[in-house]
Every structure is written in C-alpha cells, then in structure tokens.
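Order of appearance sets the numbers: ligands from 1, and atoms from 1 within every ligand.
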Amino acid sequence: MNVKFAGLDIGGKNFTVIAGPCAIENEDQMMQASHAVKAAGADVLRGGIYKLRTRPDAFQGLGRDAFPMVKTAKSKTTLPFLTEITSVSQVEALVDIADFIMVGTRNMYNYDLLKELGRVRIPIVLKRGMSAKVEEWINAAEYIARGGNDKIILCERGIRTFETATRNTLDLAGALWVKQRSSLPVIVDPSHGTGIPALIPGMAAETLAAGLDGVMVEVHPMPSAALSDGAQALTTEQFADMMVKLRVLGEVCGRPLTSPGSKA
Ligand code: PEP
Ligand code: MN
C-alpha cells in the first residue's frame, strides 16, 4: 500500500528522495546540509539523533540536544524530517519531533520495538537487517502492521556477504523481489549499501530505473570532518549533481521526482 503522508505519495508515481547527514552534529552542519538538500529537491530531510555505533567510543549522537536544531531545520526548509529510533523509550519524543521514524539495520529483529511502532500513526522506514533474508524482512514489517500502523516503507541498505570491496553488498534484486511480492513501497540506501560516494549516484539511478520507490542518501557539508560515516557522505555539490541526473532519468522512466528544488 502506498504511504501517503506529509504531502508525499511514497510508492505512487513519483520517486522519493530522502537526504541529509548521517548524524546531526551541530547547528551549522545541520543547517548547511538541510538547505543544500532542500535546494537540490529532496523530499524528506534525514538526520541521526541517536546513533548506534559499532565502537562504544564513537560519537553516539546528540540525543535531545539535537531537538532544537531539528525544529529550526524543519521550519526553515519546510521539509518533513526522518530520524532513527534506537529504543522503545524514545517513541513519544520522536513521534513529536519527527514525521518519519526509521528502524535501523541493527533493530530489524527488535520485535518489542516493532510492536510498539505498530501503535504510532506516522510512517516507519524499516531497514533490512544486515543478515536478514527478504522473508524475515517482510515478517518484521508484519509486526508493525499487526499493531495497526500500515504506513510502512521498506529500505534495502546492503547485506553482509564475503565481498569486502564495498561496505555492504547492495541487494537491488532482493529489493525488487520484495517490491513485486509485497504491497509495501521499497526504497534503497546506497550510502550504507556501498560505503563509497562514487558508487552512490549510479546505484540511485539503478534504483529508479528498476521501478523501486525512492532513495535515502547521506549528505554532509564537509565529509572529511564528519563525526559519523564521513567516508560515504556525498558533498552538497555531489548530491545536487546526482539530483540533476535523477530528474532526467525520472522523466524518461515515468518516475518523476516530486519536488523541483529551488535551483531547478
Ligand atoms: C543510518 O541510516 O545512518 C544507519 C545507521 O543505517 P543502518 O541502520 O542501515 O546502518
Ligand atoms: Mn550512517
């Protein structure tokens, strides 16, 4: 079923673009990223508030200190906002500040969290677990749906395989398989799916051409200074360039981008 929310129809005719920094780091970084993705025509702004990092000494996100920055970015750009939930205890506060809640790869199997998100009334972007079979991913979505929330968007973000040249192995075929067998919109995250900026525009184009419903990409005003996932972040210029190409491809494929962007 399409997810109609915040003026968007995800899973409908248009191709949806979600973009922004991996993590919100400070007001300047968030505002620069937000303005740039809005100008290039993104539909949804992303930004991590709570980060689940592999190393405990890595930046864990600003937590509640990011809330005022989110409010400013939302009001200045008028974009809906997406962020990741990492604990059941965050549900109330995040429903209040976010328009889309993301379940990250590490929590796809957190059935208590999924059941709790079945009770909220905003869309859930459910990432595929890094070792999850597509059937398990669909079943995870069913946990949310059974609670009464039918606004679910699946997001392929790459899986673990023997291959280490890319950060993960982006399973576009698996994403398309799910798209053709479930009624849910399916989007792709080529940032985590590849870990390599030079591969992201190509994989986003493949996603669009394959008939999938959108992409989520990480954008940072200065990737070399990023506190998380800088190595895979697109610069604001690289993102704008990718959007120009996706716009053309979208017209050719009958999957137009939704927002013209202020520079179009
Ligand atoms: C993210 O989108 O920043 C993220 C943590 O993604 P994943 O859960 O796919 O690693
Ligand atoms: Mn990230």
Side-chain angles (χ1 to χ4, degrees), residues 16-25 29-30 33-34 37 42 44-56 58-63 66 70 81-87 90 94 98-110 113-114 117 123-132 134 136-137 140-141 144 152-161 166-172 174-175 178 186-197 199-200 203-204 207 212 214-235 238-239:
T16 300
V17 178
I18 304 170
C22 178
I24 300 172
E25 298 168 2
Q29 171 253 11
M30 185 56 177
S34 305
V37 302
V44 179
L45 175 65
R46 65 155 284 158
I49 294 173
Y50 300 102
K51 297 303 301 176
L52 293 176
R53 306 298 300 282
T54 305
R55 293 168 53 102
F59 177 59
Q60 306 282 314
L62 292 179
V70 171
F81 176 73
L82 172 148
T83 198
E84 178 176 358
I85 188 163
T86 61
S87 154
Q90 296 154 2
L94 291 186
D99 304 281
F100 293 81
I101 288 183
M102 177 180 110
V103 176
T105 193
R106 291 166 181 79
N107 272 313
M108 191 211 80
Y109 291 111
N110 185 342
L113 179 62
L114 301 179
L117 293 173
I124 309 300
V125 172
L126 176 63
K127 285 196 159 186
R128 180 179 179 180
M130 60 185 88
S131 305
V134 287
E136 295 172 301
W137 188 21
I144 301 172
I152 305 165
I153 300 155
L154 298 174
C155 180
E156 159 66 27
R157 50 78 70 199
I159 52 175
R160 283 206 167 156
T161 68
T166 49
R167 181 177 180 183
N168 289 290
T169 296
L170 189 62
D171 185 14
L172 286 180
V178 171
V186 182
I187 65 170
V188 170
D189 171 353
S191 297
H192 294 85
T194 67
I196 300 173
L199 303 182
I200 293 169
M203 291 301 99
T207 299
L212 293 160
V215 282
M216 169 154 57
V217 295
E218 291 185 341
V219 178
H220 195 286
M222 208 203 295
S224 60
L227 298 181
S228 74
D229 283 350
Q232 70 191 29
L234 294 181
T235 62
Q238 287 169 330
F239 177 69

Asker: Strictly distance-based, threshold 3.5 Å: is any side-chain N or O of D189 a donor or acceptor partner for the main-chain N or O of S191?
Answerer: yes
Asker: Taking T105 for its side chain and M130 for its backbone only, find out whether a donor-acceptor pair lies under 3.5 Å.
Answerer: yes
Asker: Would you be so kind as to tabulate the donor-acceptor pairs closer than 3.5 Å made by side chains of residues 224-232, with sequence neighbours excluded?
Answerer:
from, atom 1, to, atom 2, distance (Å)
D229, OD1, R167, NH1, 3.1
D229, OD2, H192, NE2, 2.9
D229, OD2, Q232, NE2, 3.3
Q232, OE1, R167, NH1, 2.6
Q232, NE2, H192, NE2, 3.3
Q232, NE2, E218, OE1, 2.8

Asker: Among residues at least two apart in sequence or on other chains, which ones pass side-chain hydrogen bond (donor to acceptor under 3.5 Å, both in side chains) with R106?
Answerer: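 side-chain hydrogen bond (donor to acceptor under 3.5 Å, both in side chains) list for R106, sorted by chain: T54.
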Asker: Side chains of R157 and N168: does their closest heavy-atom pair fall under 4.5 Å?
Answerer: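 In contact.
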Asker: Give the residues near ligand 1 by chain and number, with the criterion being a heavy-atom distance under 4.0 Å.
Answerer: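 Within 4.0 Å of ligand 1, protein side: C22, R46, K51, E84, M102, G104, T105, R106, K127, R157, H192, E218.
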Asker: Check whether any side-chain heavy atom of S131 lies under 4.5 Å from a side-chain heavy atom of E136, and answer yes or no.
Answerer: no
Asker: Within this structure, what is the CD1-CD1 distance for the pair I124 and I101, rounded to the nearest 0.5 Å?
Answerer: 5.0 Å
Asker: For a quick test of reading the model, state the closest non-hydrogen atom pair linking V219 to A19 and the distance between them.
Answerer: CG2-CB, 4.1 Å
Asker: What count do you get for protein N, O or S atoms closer to the Mn ion (ligand 2) than 2.8 Å?
Answerer: 4
Asker: Kindly compute the distance separating CD1 (I196) from OG1 (T166), expressed to the nearest 0.5 Å.
Answerer: 6.0 Å
